[in-house]
Amino acid sequence: VRLGIGDDCALLCVKPGEEIAVTTDFSITGRHFELAWHPPEAIGHRVLARGLSDLAAMGARPLAAFLSLGVPAELVRGGSARSGKPGRQSRPGQQCWIDRFYNGLLALAGEFHAPLAGGDLSESPIAAADIVLLGAVPQGKALLRSGARTGDAIYVTGSLGGAAAGLALLKGLAGTQKTSAAVGLKIPRKFEAALARHLYPQPRVRQGLWLSKRGVATAAIDLSDGLSTDLHHLCDESGVAAEVNADALPISAGATLMQALHGGEDYELLFTARPGARVPRKIAGVPITRIGSVTRRSTKRPVVTLVTPAGGEALEALGWEHFA
Ligand SMILES: [Mg+2]
């Protein structure tokens with residue numbers, strides 16, 4: 001970022017030979033988060049994590065983030081909702097919802113070198129955040145959904161189902177506390193670890209960069225909607241089918257097989273590689289697990305087959321719409 005917030009536009013520089021990856025994600029209360037449940041820091045973190053995860057899936061290096069935010073007036077107490085200046089700090093101990101939202105977002109932005117380089121803030125009847133992420137990737141090196149070929153092996157980073165298990169736990173907590181829209185639930189310390197995968201997902205930016213730099217992956221997608229749905233997307237774009245071995249799935253501690261298959265919001269990467277490719281057990285500290293194979297597409301077989309000891313069955317795309 002050569003010029004950030006303060007002028008009419010931000011100015012960005014890329015290195016010669018790079019192309020720009022752009023992604024936009026809209027998060028809205030009641031659908032992507034609940035003001036009465038989610039701590040404001042977690043909402044800010046999750047808004048940015050969604051965009052960073054899309055950059056990760058393309059193997060792009062984050063350049064900058066741009067955020068348009070609409071919030072009800074009562075969440076901006078202590079400052080003007082019309083100042084249009086994100087990142088404003090209030091006195092310690094007096095942080096309102098929007099300060100805490102930015103704290104969560106900016107902490108993640110700092111970690112992944114994705115500075116907030118512009119945006120807009122407006123009073124709105126409901127809370128909604130639209131984030132734009134820009135990234136850079138060497139020309140022709142971006143990981144695409146369309147490159148998987150018959151015979152490729154299918155891998156995932158990290159573990160699956162933890163976000164859905166965390167959401168179920170959060171829903172349970174909501175039934176035990178009086179909640180306020182301005183602060184979300186109070187998270188008891190003993191639940192912090194079990195909720196972390198849902199509240200503070202870690203986008204796999206370093207793993208995506210590693211894969212694009214080494215040219216190991218033939219195709220990739222991030223797991224935002226759930227393995228069953230996102231694997232269908234990848235198969236459709238590549239014109240192939242897939243078999244997933246249920247026994248091989250790295251299921252998060254405390255999660256079920258159904259949550260791992262359909263839960264969504266894990267923000268892990270799913271990628272394919274040629275059968276002989278050297279795929280390490282870990283990339284940048286995150287385990288890599290082979291979960292299946294790419295097969296030839298045929299009208300006689302399901303697009304995605306789940307293989308269990310009992311045999312093969314069609315794995316339908318049942319990714320959750322969490323608050324729908
Ligand atoms: Mg995506």
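Whatever order the structure lists ligands and atoms in, that order sets their numbers, starting from 1. Every heavy atom of this structure was used, including side-chain atoms; hydrogens, water molecules and symmetry mates were not. The residues of the chain are indexed from 1 along the displayed sequence. All values derive from a computational prediction rather than experimental measurement.
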>> Rounded to the nearest 0.5 Å, what separates atom CZ in F112 from atom CG in L48?
In response: 9.0 Å
>> I'd like to know: is the Mg ion (ligand 1) within the 2.8 Å range of an N/O/S atom from D230, strictly under that distance?
In response: no
>> For H38 and H45, I'd like to know if the aromatic rings sit close, meaning centre-to-centre distance below 6.0 Å.
In response: no
>> Looking only at the side chains, is there a donor atom on one of T218 and T272 sitting less than 3.5 Å from an acceptor on the other?
In response: yes
>> If you define the side chain from C-beta out and look only at heavy atoms, does anything of C13 sit under 4.5 Å from R2?
In response: yes
> What atom name does the N, O or S atom of D54 nearest to the Mg ion (ligand 1) carry?
Replying inline: OD1
> If you check every N/O/S atom of D222, which is the one nearest the Mg ion (ligand 1)?
Replying inline: OD1
